[in-house]
Participant: 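Structure in structure tokens, see below.
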Amino acid sequence: MFGPDRRCVVVVGVQWGDEGKGKIVDVLSRDADLVIRYQGGANAGHTVVLGDHQFILHQIPTGILNDGTACAIGNGVVLDPETLIEEIRELEEQGIEVVGRLSISDRAHLVRPYHKVVERALEQRQKIGTTGRGIGPAYEDKSGRRGIRAGDLRDLEACAPRVRDRVALANDVLEMMGAAERVDADEQVALLERLAPILVPLVADTGRVAADALRAGSNVLLEGAQGALLDVDHGTYPFVTSSSTTAGGASIGAGIGPTAIDSVLGVIKAYTTRVGNGPLPSEAGPEESEQLRALGGEFGATTGRPRRCGWFDAVVGRYAKRVNGLTDLALTKLDVLDTMAEIPVCVGYRVDGEELVDVPADLNMLGRVEPIYETVPGWGRPTGDARTLEDLPAAARAYLERIETLLETPIRFVSVGTRRDQIIESR
């Protein structure tokens, strides 16, 4: 994936998240010198299986699992310090060196406990399907110019009054909503005082780190969270996340100019899933959905919630290609379809008798679309041991070729299992 003309690569999700970005980033990290997580927060759950151990990374870039790869949490991330410290502890208990390899942007905003309290209260009203990790309220504070950033921990005396003001505002919001919970300002300040000595040594200007790495000719990988259809601008609003999950957000969230990016790799599942509420045009029937969920282990890595399952949606894929500028694809979980006799593929939408060529912004319209399916034959053979395209059954190769044609994008990687070695690099 990396080469003389590909020094900076972005990895994005093409659907509603949970596409398997963690494994793909882990594979690419073998050739990366620096991996930067550029948006989202602890609502992400990137899963990598190494041997008999499964790692679920919520904030630390997946590249940390490759010895010698430097990692950074960019300014576009809203960072939960308590969760980060727990992640570091768990990794180091497994023999993964983190301190000395991980840096945190001094511009990254912090998720505080009051954000989580407010989000829980808001979710009772909005029913968006949030994770309750405080991500939305933290981004609201960022946009409202009242956030607390990682670099602020260097001067707690100046930071403390702002924390108290923010707690007072959170309590006002909770009272207005009729919520029972309240937040104690003294406890919030004391908590930051305990966290600061651990976090401050990790704080740096990670945008400068990235720019220096690229100038030196290093390979830089930008790791996104969630997926294109959860983007706050381009997703199925309002059932979206609070950040820019598309490739455009990578430049902003990592602190580098857009011309530094050479390639955009879209990670797409061989079928479609989403968590929470909102439209899912190619959603399968109850029996087929349950079958896909069981075969694919489709439960949220962060929340454990069952994912809704459906068939591959080429309309979503083409839309994601356009808004991300995808150059390549990594298709995951091909092996989940091994036992299917026939596989439906959504190739278009029809609403009120008219065919749509794109994902509509009108959520009511999207909820009424009738998916247009074509059916392709299954292959009825395990694919988990395949390491080249030639190892795959002919019908599986035909399925991949059909997706390439529909999305007009080459598939560079194919994942055929959860383990690190269950990967095919096709070109």
Side-chain angles (χ1 to χ4, degrees), residues 13-16 18-20 227 229 266-275 279-299 306-321 329-351 355-357 359 366-418 422-424 426:
V14 173
Q15 296 152 316
W16 280 273
D18 308 311
E19 299 96 348
L229 275 293
V267 184
I268 193 164
K269 207 175 278 187
Y271 49 100
T272 305
T273 64
R274 80 171 296 171
V275 173
L280 183 61
S282 65
E283 188 163 11
E287 185 175 334
E288 294 167 323
S289 184
E290 182 56 39
Q291 183 182 12
L292 286 169
R293 187 178 300 116
L295 290 171
E298 296 296 351
F299 299 89
R307 297 174 185 142
R308 297 158 58 194
C309 298
W311 305 111
F312 187 88
D313 189 330
V315 183
V316 164
R318 288 192 295 265
Y319 175 72
K321 176 190 175 176
L329 291 171
L331 186 133
T332 62
K333 292 201 169 184
L334 181 69
D335 55 299
V336 173
L337 304 180
D338 285 351
T339 59
M340 303 286 178
E342 293 183 326
I343 304 168
V345 177
C346 175
V347 297
Y349 297 159
R350 185 181 291 111
V351 62
E355 289 192 19
L356 302 180
V357 297
V359 177
L366 185 58
R368 292 189 293 111
V369 300
E370 173 192 349
I372 301 170
Y373 286 111
E374 66 179 34
T375 301
V376 300
W379 41 93
R381 242 175 65 197
T383 58
D385 291 332
R387 296 297 178 268
T388 68
L389 286 177
E390 291 71 26
D391 293 337
L392 292 172
R397 294 198 301 272
Y399 184 65
L400 298 176
E401 290 166 3
R402 183 60 179 142
I403 290 174
E404 285 185 318
T405 299
L406 288 167
L407 272 57
E408 298 181 338
T409 309
I411 296 175
R412 182 174 286 269
F413 298 95
V414 181
S415 176
V416 291
T418 59
Q422 291 179 299
I423 193 80
I424 297 169
S426 61

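When reading the values below, keep in mind they use all heavy atoms of this one structure, side chains included, and skip hydrogens, waters and symmetry mates. We number each residue from 1, following the sequence as shown.
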Participant: Begin with the C-alpha distance, continue with both residues' side-chain angles, and end with the deciding distance and a verdict on side chain to side chain contact (heavy atoms under 4.5 Å, CB included) for D313 and Y319.
Facilitator: CA-CA 10 Å; D313 189 330; Y319 175 72; over 6 Å; no
Participant: Tell me, with the steps shown, if L280 and T272 meet side chain to side chain contact (heavy atoms under 4.5 Å, CB included).
Facilitator: CA-CA 9 Å; L280 183 61; T272 305; 3.7 Å; yes
Participant: With no hydrogens and no angle check, is any side-chain donor or acceptor of E374 less than 3.5 Å from a backbone partner on V345?
Facilitator: no
Participant: Which atom pair, heavy atoms only, marks the closest approach of P279 to L366?
Facilitator: CG-CD2, 3.5 Å
Participant: Sub-3.5 Å donor-acceptor pair from the side chain of T332 to the main-chain atoms of E19, do we have one?
Facilitator: yes
Participant: Give, for atom SG of C309 and atom CD of E288, the distance between the pair rounded to the nearest 0.5 Å.
Facilitator: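 With rounding to 0.5 Å, SG (C309) is 11.0 Å from CD (E288).
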Participant: Donor-acceptor pair, K321 side chain versus E408 backbone, under 3.5 Å?
Facilitator: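 It does hold such a pair.
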Participant: How far does CG of L334 sit from NZ of K269, to the nearest 0.5 angstrom?
Facilitator: 13.5 Å
Participant: Under 3.5 Å, is there a donor-acceptor pair between the side chain of E370 and the main chain of R350?
Facilitator: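 Not at all, since once roles are kept as given, no pair shorter than 3.5 Å links the two residues.
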Participant: Measure across V416 and R387 and return the closest heavy-atom pair with its distance rounded to 0.1 Å.
Facilitator: CG2-NH1, 4.1 Å
Participant: Please report the interatomic distance OH(Y271) to CE(M340), rounded to the nearest 0.5 Å.
Facilitator: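 It is 8.5 Å, given to the nearest 0.5 Å.
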Participant: Classify the ring geometry between Y399 and W379 as parallel (under 30°), tilted (30 to 60°) or perpendicular (over 60°).
Facilitator: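 Y399 and W379: tilted rings.
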Participant: Please report the C-alpha distance between L407 and L329 in whole Å, then the side-chain angles of each, then the deciding distance to 0.1 Å, and finally whether the side chain to side chain contact (heavy atoms under 4.5 Å, CB included) criterion is met.
Facilitator: CA-CA 9 Å; L407 272 57; L329 291 171; 3.8 Å; yes
Participant: Taking the side chain as every heavy atom from C-beta outward, state whether L356 and V315 have any atom pair closer than 4.5 Å.
Facilitator: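 They are not in contact (no side-chain heavy atoms under 4.5 Å apart), so the answer is no.
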Participant: Determine the minimum heavy-atom distance between I343 and G378, stating which atoms define it.
Facilitator: CD1-CA, 4.2 Å
Participant: Looking at every heavy atom in both L295 and V336, which two are closest together, and how far apart are they?
Facilitator: CD1-O, 3.6 Å
Participant: Once you round to the nearest 0.5 Å, how far does OG of S426 lie from CZ of F413?
Facilitator: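 Result: 8.0 Å between the selected atoms.
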Participant: Does one side chain, of T383 or D338, offer a donor that lies under 3.5 Å from an acceptor on the other?
Facilitator: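 Yes - a donor-acceptor pair under 3.5 Å links their side chains.
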Participant: In the structure I gave you, are the side-chain heavy atoms of Q422 and D335 within less than 4.5 Å of one another anywhere?
Facilitator: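 Not in contact.
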Participant: Rounded at 0.5 Å granularity, tell me how far CD1 in I403 sits from CG in L331.
Facilitator: 5.0 Å
Participant: R397 and L392: which non-hydrogen atoms are nearest, and at how many Å?
Facilitator: NH1-O, 2.5 Å
Participant: Are any of the side-chain heavy atoms of P410 and E404 separated by less than 4.5 Å?
Facilitator: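 A side-chain contact under 4.5 Å exists here.
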Participant: Can you name the closest pair of heavy atoms from P377 and A395 and give their distance?
Facilitator: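 In this case the closest contact between P377 and A395 is O-CB, 4.0 Å.
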Participant: R307 and V275: side chain to side chain contact (heavy atoms under 4.5 Å, CB included), yes or no, with the steps?
Facilitator: CA-CA 5 Å; R307 297 174 185 142; V275 173; 3.3 Å; yes
Participant: Between CG of L292 and OG1 of T273, what distance do you get to the nearest 0.5 Å?
Facilitator: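 Those atoms lie 9.5 Å apart.
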